[in-house]
*Asks:* 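My structure is below; once you've seen it, I'll send some questions.
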Amino acid sequence: MDEKYFPEQIENKWQQRWSETGAFEARENDSRPRFYALEMLPYPSGFLHMGHVRNYAIGDALAWFKRLQGFNVMHPIGWDSFGQPAEQAAIKRGVNPRDWTEENIVHMRGQLQRLGISYDWSREIAAHRPEYYKWDQWFFLKMLERGLAYKKVSQVNWCPKEQTVLSNEQSSGGICWRCGTPVEKRDLEQWFLRITDYAEQLVADMKQIEAGWPEKVLKRQSDWVGRSEGAFIDFAVKDSDKKIRVFTTRIDTIYGATAVVLSAEHPLLPELLKDSALKSDVETFAEKVRNEKAIRTDLAEEVEKEGLNTGVLAINPFSGDTLPVWVANYVLLEYGTGAVMSVPAHDERDFEFAQKYSLPIRQVIAPATHDQLRSEPVATTAGDSSAEMKHSFTDYGVLINSGEWGGKPSDVAIKEMAAHAQQNGFGEAAVTYRIRDWGVSRQRFWGAPVPVIYCDNCGMVPVPYDQLPVVLPQTAAFTGTGESPLAGVAEFVNTTCANCNGPARRETDTMDTFVDSSWYFFRYLDPQNTNAPFDPEIAKQWTPVDQYIGGDSHAVMHLIYTRFWNKFMRDIGMVSFDEPVKRLLTQGMVTNRVGDTDEWKAMSKSLGNGVDPDEMIAAFGADAARLFVLFAAPVENELRWSDTGIEGAVRFLRRVYTMIWKWQQRLATGGGEPPATEFSSEARTLRRKTHQTIAKITSDFEQLHLNTSVAALMELFNQLSDFNADPARASDADVFAVREALEALVVMLTPFSPHIAEEMWEGLGHPGGLLAEARRWPIADPELARREELEIPVQVNGKLRSRVIAAPDVSEDDLRAAALADDRVRSLIDGHEVVKVIVVPRRLVNIVIKS
RNA sequence: GCGAAAGUGGCGGAAUUGGCAGACGCGCCAGACUUAGGAUCUGGUACCGAAAGGUGUGGGGGUUCGAGUCCCCCCUUUCGCACCA
């Protein structure tokens with residue numbers, strides 16, 4: 001090792017050595033316990049940004065930690081390389097998306113290697129390569145076989161700026177997930193995956209992962225799936241054999257229904273209107289509502305409720321009442337049945353609607369008091385409470401004005417009334433979900449082609465498995481019009497039918513890139529497999545993933561799709577578990593000040609607040625850059641970038657390096673045996689700090705509390721500085737204590753700054769590198785970590801007044817006596833009555849006096 | 001509007017979960033290095049006060065011998081949801 005710390009030199013040296021020795025390659029024939037550390041794979045945009053650096057620095061710290069603890073660690077990386085930006089580059093600049101993508105990968109791979117992230121590069125994958133997307137297509141066909149992939153015309157989310165379809169997850173909140181443009185609705189024929197078949201499991205299986213996943217991610221997923229228990233009820237249409245089915249979670253309020261309200265898109269509407277005098281008015285109104293919905297852009301504002309009476313009447317199956325049927329803009333076709341019973345007295349929306357259109361308001365739930373829950377049925381009067389009620393009453397309570405159900409509490413009535421409906425054939429208890437099927441069709445070039453063909457004779461024909469992959473053509477005309485560019489590539493489109501050999505056309509839609517990322521981490525485990533996406537036997541050894549790390553922006557996209565995919569893979573026998581990821585960490589964003597303002601936003605090119613990782617590496621070294629991002633904030637917090645912070649990291653590394661240099665000669669030659677002589681009190685203090693630090697960092701790592709681990713390393717170093725022994729003259733005992741501290745420091749620094757750690761480890765006289773031994777992570781000795789004496793704070797009436805020194809095993813009585821004997825304490829309690837003395841063993845004494 | 005989380009020095013953040021508030025770092029101040037300093041080293045750094053001492057974890061109340069931590073009300077910020085029947 002050199003006298004001075006030259007990061008570039010050290011980093012090059014070790015990156016090369018790691019690569020030559022295959023240091024990070026995970027092997028199958030290995031008896032060590034396994035650990036799968038996974039970071040969300042990047043899109044190859046061309047440049048690594050600080051968010052990537054943070055993500056991979058966290059994952060790498062964990063991977064190194066586990067490796068040093070003796071685990072066989074799987075730590076792979078790949079490229080989420082299909083998607084929009086490549087195609088945008090093609091449209092705008094005429095470059096070939098494949099070339100653009102491959103060049104970006106080369107550049108970013110170089111950046112990752114310069115960062116020294118310990119990936120097993122032999123397992124690298126890229127979604128845009130046929131050997132990968134072949135298996136996307138394979139999975140698609142499997143889903144098609146099982147009826148889980150289907151095509152239908154539907155209203156889809158359309159981003160007018162990017163000219164593309166978006167899934168519901170990608171247009172959450174009504175805006176495009178990528179560019180923030182308000183989303184429009186369009187009618188298109190599209191491929192869907194039946195994620196709704198798994199809605200119940202997506203909710204129920206959260207139990208299995210709740211210990212390891214952030215609560216907020218599970219909450220968002222749970223909201224997204226939107227499980228809701230209630231009942232379907234059929235309202236017969238008067239003078240007709242038609243029925244209107246509504247969904248309600250509050251069947252107990254059904255006697256308060258004063259209208260049935262349909263969404264403007266409700267399929268029954270045209271038939272219902274057939275004989276209505278108001279037909280044309282209603283149709284005009286419904287048309288207007290549909291249009292407003294399709295182009296709605298001011299999402300912040302709640303739209304004012306509007307409705308129109310259709311003139312049609314329906315019959316409440318419980319009360320026999322005749323109710324008007326309305327059409328209104330606040331009823332959604334997508335949820336429930338597209339029709340609701342309007343109960344103004346007990347639903348805010350219905351109340352508002354009833355107020356506006358002067359519909360009657362009938363109260364049927366009374367607030368429950370303790371006695372009422374047991375009271376006899378209240379006499380029913382079908383009164384209109386519109387005058388008295390100022391707000392809807394939406395709590396559960398006791399039924400009134402509800403026929404035979406009067407007097408029953410809501411929860412009981414809900415169960416009994418659903419059963420009653422079922423017995424009488426006009427309804428049933430039901431569970432509905434908010435989640436919709438996953439629209440995976442994209443009218444895009446740069447994605448995996450949907451592997452089906454259309455034959456004039458045979459209709460839609462799946463591409464046979466042995467004809468996969470359906471390979472993307474080299475290029476196409478990129479017009480950016482929203483039509484799939486593949487449609488213009490004749491040699492792609494024109495094919496022969498696998499059934500009848502007649503002429504046929506290929507599907508020109510490609511798949512959503514979230515298909516690629518739904519199962520990629522299984523491919524890492526068996527990346528060369530040509531017979532299957534992966535060998536289930538190999539996958540079994542490594543999965544579920546032990547720790548997954550990435551941004552929380554994917555909480556309801558990638559992270560819900562991949563859970564769905566796993567359940568599908570389970571159902572076709574490829575995996576044996578329900579959940580693919582045991583523990584998930586959603587790391588915080590890396591932000592920087594925007595210009596001269598006080599705003600902190602995620603680094604981005606367009607805001608001009610980006611920090612180039614390459615520049616950081618050049619100026620400070622990869623080790624310092626990584627150390628800083630891990631130290632500056634807890635991993636889940638936002639990280640506000642600071643240029644001075646990283647200088648502190650370099651300073652620390654340089655100080656450690658200098659100390660190792662100072663000691664290396666003495667340590668490299670001397671043996672590591674415990675000395676014959678006694679340890680001095682200072683040496684014992686150093687050893688105590690060493691073992692306390694080992695214990696702290698080892699346990700911090702389990703929670704990924706990396707910032708406090710770094711702080712602990714710094715404390716250990718400060719203690720070493722204070723120890724201030726001279727390498728030339730130090731006693732054997734002192735040298736032993738220093739060696740113990742320095743070796744622990746170096747090994748525990750490795751997850752944060754691996755290059756300098758390897759260099760220093762070598763400098764300390766250990767050839768072969770840190771991974772030469774199966775298990776290198778130090779183990780804390782609790783005996784040595786224990787304090788020899790305790791400084792116990794003494795409070796008088798809760799205020800800190802003094803401290804007493806005590807042995808760690810001091811008895812409560814002795815501690816109390818010592819506190820009461822303390823001079824300062826005595827001067828304060830003299831002349832006062834001691835009411836009580838609280839002794840917390842090993843912690844504190846509080847003396848309560850009367851003042 | 002609904003829901004959730006969070007408010008600790010100039011800044012990022014610690015605090016063994018009810019027991020010494022401010023670890024560690026950044027910044028700042030002072031000093032040293034017989035020149036320079038955007039290098040390095042040493043010391044200091046919550047606030048008020050000369051000191052003794054007092055005050056202090058968004059504000060107000062409460063529980064407790066003891067509250068950053070628990071409970072209630074309020075304020076602020078961030079995030080999520082957007083008529084989900």
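Excluded from the calculations below are hydrogen atoms, water molecules and symmetry mates; all remaining heavy atoms, backbone and side chain alike, are included. Chain identifiers are assigned alphabetically (A, B, ...) following the order of the sequence lines, protein sequences preceding nucleic acid strands; residue numbering begins at 1 within each chain.
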*Asks:* Carefully, step by step, assess A:Arg436 and A:Glu334 under the rule salt bridge (Lys or Arg N to Asp or Glu O under 4.0 Å).
*Replies:* CA-CA 8 Å; A:Arg436 302 289 87 174; A:Glu334 310 85 66; over 6 Å; no
*Asks:* Find the partner of B:A50: check Watson-Crick (N1-N3 plus N6-O4 or O6-N4) and G-U wobble (N1-O2, O6-N3) distances, both under 3.5 Å, and reply none if neither fits.
*Replies:*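 WC or wobble partner does not exist here.
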*Asks:* With 3.5 Å as the limit, what N/O pairs link the protein to nucleotides 26-32 of chain B?
*Replies:*
| residue | atom | partner | partner atom | Å |
| --- | --- | --- | --- | --- |
| B:C26 | OP1 | A:Arg651 | NE | 3.2 |
| B:C26 | OP1 | A:Arg651 | NH2 | 2.7 |
| B:C26 | O2' | A:Thr644 | OG1 | 2.8 |
| B:G27 | OP2 | A:Arg651 | NH2 | 3.3 |

*Asks:* Tell me which one of A:Met417, A:Gln363, A:Arg362, A:His346 satisfies side-chain contact (heavy atoms from CB on, under 4.5 Å) with A:Thr253.
*Replies:* A:His346
*Asks:* Indicate, with a heavy-atom threshold strictly under 4.0 Å, whether A:Arg787 touches base, sugar-phosphate, or nothing.
*Replies:* nothing
*Asks:* Can you tabulate the close N/O pairs, meaning under 3.5 Å, that link protein atoms to atoms of nucleotides 47-49 of chain B?
*Replies:*
none

*Asks:* What nucleic acid atoms does A:Asn718 come within less than 4.0 Å of, heavy atoms only: base, sugar-phosphate, or nothing?
*Replies:* sugar-phosphate
*Asks:* Using the ring of each side chain (for Trp, its six-membered ring), is A:Tyr330 parallel, tilted or perpendicular to A:Phe353, with breaks at 30° and 60°?
*Replies:* tilted
*Asks:* Is any side-chain N of the basic residue among A:Arg640 and A:Glu638 closer than 4.0 Å to the acidic one's carboxylate O?
*Replies:* yes
*Asks:* Could you check whether A:Asn707 gets within reach of a base, just the sugar-phosphate, or nothing at all, counting any heavy atom under 4.0 Å?
*Replies:* sugar-phosphate
*Asks:* Contact class for A:Val343 (heavy atom, under 4.0 Å): base, sugar-phosphate, or nothing?
*Replies:* nothing
*Asks:* Does B:U78 have its OP1 or OP2 closer than 4.0 Å to a side-chain nitrogen or oxygen of A:Asn637?
*Replies:* no
*Asks:* Is the shortest side-chain N/O distance from A:Arg801 to OP1 or OP2 of B:G53 below 4.0 Å?
*Replies:*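 Negative; the distance criterion is not met.
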*Asks:* Could you please name the option among B:U17, B:C81, B:C65 that lies closest to any side-chain atom of A:Val848?
*Replies:*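 Closest of the options to the side chain of A:Val848: B:C65.
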*Asks:* B:A5 phosphate, OP1 or OP2: any side-chain N/O from A:Arg220 under 4.0 angstrom?
*Replies:*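 Looking at the OP1 and OP2 atoms of B:A5, neither is under 4.0 Å from any side-chain N or O of A:Arg220.
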*Asks:* Take A:Glu788 and A:Arg688 through the test salt bridge (Lys or Arg N to Asp or Glu O under 4.0 Å) and record every step on the way to the result.
*Replies:* CA-CA 9 Å; A:Glu788 291 172 4; A:Arg688 187 182 312 128; 3.3 Å; yes
*Asks:* Under 3.5 Å, is there an N or O donor on one side and an acceptor on the other linking the side chain of A:Lys216 and the base of B:C79?
*Replies:*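 No.
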*Asks:* With respect to the phosphate group of B:A85, does any side-chain polar atom (N or O) of A:Ser228 fall under 4.0 Å of OP1 or OP2?
*Replies:*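 Indeed, a polar side-chain atom of A:Ser228 lies that close.
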*Asks:* Measuring from A:Asp252:CG to A:Ile414:CD1, what's the distance to the nearest 0.5 Å?
*Replies:* 4.0 Å
*Asks:* Do any side-chain atoms of residues 700-707 of chain A form donor-acceptor pairs under 3.5 angstrom with protein atoms, and if so which ones, sequence neighbours left out?
*Replies:*
| residue | atom | partner | partner atom | Å |
| --- | --- | --- | --- | --- |
| A:Asp700 | OD2 | A:Lys696 | NZ | 3.1 |
| A:Asp700 | OD2 | A:Thr708 | OG1 | 2.7 |

*Asks:* Tell me, yes or no, whether the heavy-atom count around A:Lys601 atom NZ, taken from other residues, nucleotides or ligands under 6.0 Å, exceeds 12.
*Replies:* no
*Asks:* Contact class for A:Ser172 (heavy atom, under 4.0 Å): base, sugar-phosphate, or nothing?
*Replies:* sugar-phosphate
*Asks:* Do you know which of A:Val845, A:Ile847, A:Val839 makes side-chain contact (heavy atoms from CB on, under 4.5 Å) with A:Arg816?
*Replies:*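 The single option meeting the side-chain contact (heavy atoms from CB on, under 4.5 Å) with A:Arg816 is A:Val839.
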*Asks:* Nearest to the A:Phe631 side chain among B:A85, B:A82, B:G25, which nucleotide is it?
*Replies:*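 In terms of side-chain proximity for A:Phe631, the closest of B:A85, B:A82, B:G25 is B:G25.
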*Asks:* Just to confirm, is there a sub-4.0 Å distance from OP1 or OP2 of B:A5 to any side-chain nitrogen or oxygen of A:Lys219?
*Replies:* no
*Asks:* Under 4.0 Å, heavy atoms only, any strand: does A:Arg640 hit a base, just the sugar-phosphate, or nothing?
*Replies:* nothing
*Asks:* Could you check which nucleotide pairs with B:A5 in any of the strands shown, counting Watson-Crick or G-U wobble with both distances under 3.5 Å?
*Replies:*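 Partner of B:A5: B:U77.
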*Asks:* Respond yes when some side-chain nitrogen or oxygen of A:Arg842 is under 4.0 Å from OP1 or OP2 of B:G19, and no when none is.
*Replies:* no
*Asks:* What nucleic acid atoms does A:Glu334 come within less than 4.0 Å of, heavy atoms only: base, sugar-phosphate, or nothing?
*Replies:*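 No contact.
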*Asks:* Centres of the A:Phe235 and A:Phe426 rings: under 6.0 Å?
*Replies:*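 No, the ring of A:Phe235 stays outside the 6.0 Å limit from the ring of A:Phe426, centre to centre.
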